[in-house]
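Just the heavy atoms: all of them, side chains too, but no hydrogens, waters or symmetry mates, feed the values below. What you see is a predicted model; the values in this text were computed from it and never measured.
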Amino acid sequence: MQVQTQAVEPSVANPLYLWLICLVAALGGLLFGYDWVVIGGAKLFYEAYFAVHDPAMSGWLMSSALVGCVGGAVVAGMLADRFGRRPALVIAAILFVACAIGTAMANDVTVFAIFRIVGGIGIGLASGLSPLYIAEVSPAKNRGLFVAINQLTIVIGVLLAQLVNMWIARPVPPGLDAVALLQSWNVQSGWRWMFFGEGVPAILFLLLVLFIPESPRWLSKAGRDSDARRVLERIGGVAYASEVLTAMHDNRTEHEATPMRALLAKKVRPVLVIGIVLAVFQQWCGINVIFNYAQDIFASAGFDINDTLKSIVATGSVNLVFTLLALRLVDSWGRRKLMLLGAGALTVIYALIGAAYAMHILGLPVLVLVLAAIAVYATTLAPVTWVLLSEIFPEHIRAQAVALGVFALWIACFVLTYTFPWLNAHLGPAGSFWFYGAICAAGFVFIWRRVPETSGVSLEEIERRLGNHD
């Protein structure tokens with residue numbers, strides 16, 4: 001399915017302004033990445049501090065943030081529609097600050113889990129609202145690039161958390177017994193500073209987001225056309241502002257129902273299904289278990305604790321380099337081609353990782369294959385899914401539909417994260433990776449049959465074309 005038309009192209013009046021507001025919004029992505037991954041490097045140490053021995057409790061502390069992610073995704077659309085995109089991002093920033101301080105100061109598992117949930121709510125808000133805001137302020141020609149910048153900041157947040165964990169954690173001597181580990185600086189204090197580190201970018205985000213403009217599409221939808229025009233003129237000039245406002249008005253006259261009611265309309269159901277399946281697939285493709293359970297995966301491949309921390313940083317570095325590559329490809333290659341490439345390549349790589357575990361070819365070969373999988377994911381499924389989610393839905397339901405897609409994404413992520421220890425125990429590393437490979441093969445088929453190309457097409461034209469597709 002192709003969606004092709006000439007988009008309205010601005011002669012950007014102030015490109016620096018557009019970059020700045022998109023980068024500020026994308027700080028929500030950086031905090032998403034940091035908060036999401038910091039727990040992986042701290043896991044060994046806070047579990048020793050809290051005397052966590054039950055696998056169920058270990059899984060709960062790792063996945064508790066996901067409960068908040070789901071909750072944040074549920075309310076994100078309502079907040080964004082009622083109060084605007086910017087106020088909702090301010091709320092997310094406040095929650096990130098509270099999470100950083102509360103988690104770091106926790107003295108029992110209950111308080112720890114509560115503040116992980118608070119941070120998860122912030123992630124649930126920012127993960128949908130940051131790309132939504134960026135898509136709504138970006139011209140069609142460069143929309144993929146700017147939305148993908150949000151993925152870049154997620155990756156920077158991931159790498160930042162990994163580097164902070166490595167810098168803070170002191171070397172763990174081989175064969176250290178449980179008593180000595182409990183008395184170590186890493187267990188008594190180090191893990192707290194890993195979580196405190198989130199506070200710096202969280203406060204920066206909170207301060208800067210107060211100075212970005214509201215989304216022009218939300219302003220126009222709220223009847224504030226003069227405010228919307230000012231923002232659009234500053235981005236693309238007078239002619240661009242007039243054409244975008246006209247296109248928004250033409251589309252809006254067709255829709256009378258409230259967003260929640262319109263979300264259930266038969267006409268938008270095919271697009272909604274595409275968005276939800278892509279969101280779920282981005283998680284069930286299996287990459288996030290590598291980030292969240294990196295310690296266990298590398299330990300099963302024969303790495304000790306110190307080598308594991310270095311290997312985790314290697315995964316973050318590869319993630320960053322190939323996300324930068326994605327910024328160049330997402331508009332020029334197109335969304336559909338990159339999604340197909342990602343699903344197909346991961347199917348093959350997971351088959352090889354499973355074979356390596358099955359034949360006990362561990363150590364460096366497993367690390368190389370894991371890094372290859374991350375490289376593929378960072379170039380394809382990771383950024384492109386967020387781009388598609390931010391642009392395929394009609395304006396009158398966009399915030400609610402993006403929120404629903406993000407809700408599905410975090411439910412899928414919770415299932416993935418919570419079930420991996422069980423899956424790994426029953427299928428082993430080989431069977432687990434083969435299972436994820438089968439999911440990637442199914443994802444390839446779905447993308448081939450259902451996902452349209454949207455590169456270079458205005459949001460209003462995407463809405464017209466997909467709305468007419470049966």
Side-chain angles (χ1 to χ4, degrees), residues 14-15 17-33 72-73 75-96 122-140 142-154 157 201-202 204-222 224 227-228 230-232 234-236 244 248 259 275 330 383 385-406 409 458-460 462-463:
N14 194 343
Y17 175 71
L18 180 61
W19 272 98
L20 287 175
I21 64 175
C22 287
L23 286 172
V24 170
L27 281 175
L30 185 144
L31 286 157
F32 164 10
V75 301
M78 180 273 291
L79 291 175
D81 271 341
R82 183 169 182 179
F83 302 109
R85 287 32 168 164
R86 186 179 65 175
L89 287 171
V90 171
I91 294 172
I94 293 170
L95 292 172
F96 282 126
I123 293 175
L125 291 174
S127 59
L129 293 173
S130 289
L132 172 64
Y133 175 89
I134 294 170
E136 290 190 338
V137 301
S138 300
N142 307 114
R143 189 176 59 247
L145 167 65
F146 283 111
V147 176
I149 286 171
N150 185 68
Q151 177 63 28
L152 175 63
T153 59
I154 293 174
L204 181 65
F205 180 42
L206 177 58
L207 294 176
L208 292 178
V209 78
L210 296 172
F211 295 97
I212 64 174
E214 182 53 80
S215 160
R217 285 176 166 85
W218 183 85
L219 289 169
S220 178
K221 186 179 177 182
R224 297 166 57 184
D227 293 331
R230 277 194 291 271
V231 177
L232 289 168
R234 193 166 183 186
I235 291 170
V244 172
M248 286 192 287
V330 67
T385 299
W386 291 111
V387 173
L388 286 168
L389 284 178
S390 71
E391 66 186 7
I392 62 173
F393 300 119
E395 182 195 43
H396 67 294
I397 63 164
R398 186 174 295 133
Q400 297 286 358
V402 170
L404 182 60
V406 174
L409 183 148
S458 72
L459 295 177
E460 288 69 35
I462 292 171
E463 177 176 345

Which atom of [X] lies closest to which atom of [Y], heavy atoms considered:
X      : Y      : value
Phe146 : Ser138 : CB-OG, 3.4 Å
Gly144 : Val387 : O-CG2, 3.9 Å
Val402 : Ser390 : CG2-CA, 4.4 Å
Gly275 : Phe393 : CA-CZ, 3.9 Å
Cys22  : Val137 : SG-CG2, 3.9 Å
Met248 : Leu232 : CE-CD1, 4.2 Å

So how far is it from [X] [atom1] to [Y] [atom2], rounded to the nearest 0.5 Å?
X      : Y      : atom1 : atom2 : result
Phe83  : Glu214 : CZ    : CD    : 12.0 Å
Leu31  : Leu95  : CG    : CG    : 11.0 Å
Leu404 : Leu409 : CG    : CG    : 11.5 Å

Legend entry - Qualifying residues under side-chain hydrogen bond (donor to acceptor under 3.5 Å, both in side chains), relative to Arg82, sequence neighbours excluded: none
Inset, instruction - Only counting residues at least two apart or in another chain, list the ones meeting side-chain hydrogen bond (donor to acceptor under 3.5 Å, both in side chains) with Thr385. - result: none
Inset, instruction - Would you please classify the geometry between the Trp386 ring and the Phe32 ring as parallel, tilted or perpendicular, with 30° and 60° separating the classes? - result: perpendicular
Inset, instruction - Can you sort out the partners of Arg85 under salt bridge (Lys or Arg N to Asp or Glu O under 4.0 Å), two or more places apart, ordered by chain and number? - result: Asp81, Glu136
Legend entry - Contacts of Ile94 that satisfy side chain to side chain contact (heavy atoms under 4.5 Å, CB included) - sequence neighbours left out: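 Testing Ile94 for side chain to side chain contact (heavy atoms under 4.5 Å, CB included), a comparison that skips the adjacent residues, returns Val90, Leu206.
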Inset, instruction - Quick one: list whatever passes side chain to side chain contact (heavy atoms under 4.5 Å, CB included) with Leu208, sequence neighbours left out. - result: Val24, Leu27, Leu204
Inset, instruction - Could you tell me whether a side-chain N or O of Thr153 sits under 3.5 Å from a main-chain N or O of Asn150, the two making a donor and an acceptor? - result: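 Flag set: sc Thr153 to bb Asn150 pair under 3.5 Å.
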Between side-chain atoms of residues 124-135 and protein atoms elsewhere (two or more places apart, or another chain), which donor-acceptor pairs fall under 3.5 Å?
residue, atom, partner, partner atom, Å
Ser127, OG, Ile123, O, 2.8
Ser127, OG, Gly124, O, 3.3
Ser127, OG, Trp410, NE1, 3.1
Ser130, OG, Ala25, O, 2.8
Ser130, OG, Ala126, O, 3.3
Tyr133, OH, Pro213, O, 2.6

